[in-house]
Amino acid sequence: MNSNTAMNHQRLSDRIINMGESATLKMAQLARELTAQGHKIISLSLGEPDFDTPEHIKKAASKALEDGYTKYTPVAGLLELRQAICTKFERDNKLKYTATQIVVSNGAKQCIANLSMSLLQEGDEAIVLSPYWVSYKEIIELSGAVPVFVKGSIEQDFKATAAQVSSAITANTRMLIFSSPCNPTGSVFTREELKAIADVLVDHPQITIVSDEIYEYINFTGEPHISIAEFDFIKDRVVIVNGFSKGFAMTGWRLGYIAAPQWIADACVKMQGQFTSGAASFSQKAAVTALLADLTPSFKMTEEFHKRRDLFVKLLSEIPGFKVNNPTGAFYVFPDVSYYYGKADGSHKINNADDLCDYLLYTGHVALVSGDAFGAPECVRLSYSLGQEDLREAVKRIREAVLKLS
Ligand code: PMP
Ligand code: GLU
């Protein structure tokens, strides 16, 4: 066999060739590699709490292993966990679900994949409120559908309005997806804003609303979390996506879940049954403890994120040319940095957010993610899941680097 023939056998599918790589994971990996080479990188790239998983949750996992929770679980998740999730919904959101409406997956990311693969096909459109979390676009495209972005500008606190949603709906729209609190903007939709969107969607019964609430507990508004599922007239069309990664600092445990109308939950179980089966058994046992034990450790993390938000937003706003809004949830700041596009420091020309991120990484040794991947090429995303000293140092480095640009 000559090398050409061998090459010809190495054909990847159009599906994977056309798929964009996760920009968040890519930047985090690059930061790790540079760190391994000895560079002192401050990474503000990954959306991952820097806190360790609370001790009582880790203990519950150890006990689960000792108790022999080492086997497959039902595809939808342990009944005990699904019941605990129902308890959580009643306690935190005043929402009633039965255990059969809950599907536990390997992270909220898989929940979104299950939903897109189950609900969307060629010819469909999915409205994505933008700026949006990176993976929504790629997952929707993988399902064959077309993402339709409805963008909120920084002046509107990055929140798309009900009127904008209304004008994006066509006969082909099958899904609308958004996160609140939002990754990447940190914005939180108010009850009135969500009600206005629900009022628009009620007239379009073919649209399933996917409400990604993974940052539910990281909310600085002083108001309780609001889910669009709280509006009774639309609840039977809403799927809530949530998970353990953010609120309980459990990113590595790979656990997310949905609460869905029964027909959608059944479809997701069928889909997951062919892809990954159930999530890890001992993670699920620990998650029962996470949900039902005292939530003080989660609220303490949120308090710390709140303090960091105050500090970080203040410091970033003092950098000339940075346009910063005040995020009220999650742990990201998403400044408009387009002031620097077209500027150069002699050897580096900054044409866009990607260039600025590269420049800051290699010159300033700070890793951020370009807003391009989130539908906002005028912005960059900075995750403040680092201690206050590191945040101060990061801003100092960013400031010094951008001030060299003219
Ligand atoms: N949704 C949003 C908005 C996110 O930021 C993330 C990233 N953690 C996820 C879903 C996926 O989370 P995980 O798969 O870790 O549960
Ligand atoms: N969701 C996080 C982020 O936005 C983690 C990385 C990922 O899963 O994309 O950075």
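Read the numbers this way: they start at 1 and go in the same order the structure lists the ligands and their atoms.
- Using a 4.0 Å cut-off between a side-chain N of Lys or Arg and a carboxylate O of Asp or Glu, E304 and K300 do not qualify as a salt bridge.
- Between L129 and the choices I197, I177, T161, the side chain to side chain contact (heavy atoms under 4.5 Å, CB included) rule is met once, by I197.
- Residues satisfying the side-chain contact (heavy atoms from CB on, under 4.5 Å) criterion with E48, sequence neighbours excluded, are L46, T251.
- Among protein heavy atoms, the minimum distance from atom 16 (O) of ligand 1 is reached at A108 N, 2.6 Å.
- Distances from atom 12 (O) of ligand 1 to the heavy atoms of N183, V134, I214, L25 show the closest one on I214.
- Interface atoms of ligand 1 facing D212, defined by a heavy-atom separation under 4.0 Å, are 1 (N), 2 (C), 3 (C), 10 (C).
- Summarising the geometry, atom OG belonging to S62 is positioned 12.0 Å from atom CD1 belonging to I57; distances are rounded to the nearest 0.5 Å.
- Of the protein's non-hydrogen atoms, the one nearest atom 6 (C) of ligand 1 is W133 CZ2, 3.5 Å.
- Taking 4.0 Å as the cut-off, R254 counts as a neighbour of ligand 1 on heavy-atom distance.
- In summary, of the residues considered (W253, Y257, Y217), a ring pair (Phe, Tyr, Trp, His ring centres under 6.0 Å) with F244 occurs for Y257 alone.
- Between K307 and E303, none of the side-chain N atoms (NZ, or NE/NH1/NH2) sits under 4.0 Å from a carboxylate O, so this pair counts as no salt bridge.
- No salt bridge links K246 with E216; every basic N to acidic carboxylate O contact stays at or beyond 4.0 Å.
- In this structure, Y384 and F220 have tilted ring planes: the angle between them lies in the 30° to 60° band.
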With the criterion set at N/O pairs under 3.5 Å, what does the list of contacts between the protein and ligand 2 look like, atom names and distances included?
| unit_1 | atom_1 | unit_2 | atom_2 | d |
| --- | --- | --- | --- | --- |
| ligand 2 | 1 (N) | W133 | NE1 | 3.2 |
| ligand 2 | 4 (O) | W133 | NE1 | 3.1 |
| ligand 2 | 4 (O) | N183 | ND2 | 2.9 |
| ligand 2 | 4 (O) | R381 | NH1 | 2.9 |
| ligand 2 | 8 (O) | K109 | NZ | 3.0 |
| ligand 2 | 9 (O) | T24 | OG1 | 2.6 |
| ligand 2 | 10 (O) | G47 | N | 2.7 |
| ligand 2 | 10 (O) | R381 | NH2 | 2.8 |

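- Under 4.0 Å is where a charged nitrogen must lie from a carboxylate oxygen, and between K195 and E230 no such pair does.
- Counting heavy atoms closer than 4.0 Å to ligand 1, residue S245 contributes side-chain atoms (C-beta onward) but none from N, CA, C or O.
- Below 3.5 Å of separation, one finds no N or O of Y136 facing any N or O of ligand 1.
- Any N or O atom pair closer than 3.5 Å counts here, and S179 shares no such pair with ligand 1.
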Worked verdict on D266 versus K270 for salt bridge (Lys or Arg N to Asp or Glu O under 4.0 Å)
CA-CA 6 Å; D266 292 345; K270 186 174 170 190; over 6 Å; no
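- Every residue meeting the side-chain contact (heavy atoms from CB on, under 4.5 Å) condition with A344, not counting sequence neighbours, appears here in chain and number order: K349.
- For ligand 1, the polar-atom distance check against L255 finds no nitrogen or oxygen pair separated by under 3.5 Å.
- For G243, the closest heavy-atom approach to ligand 1 does not fall below 4.0 Å.
- Using a 4.0 Å cutoff on heavy atoms, K246 counts as a contact of ligand 1.
- Under the 4.0 angstrom criterion for non-hydrogen atoms, F244 is not in contact with ligand 1.
- Taking Q272 as the reference, S105, N114 meet the side-chain hydrogen bond (donor to acceptor under 3.5 Å, both in side chains) condition, with sequence neighbours excluded.
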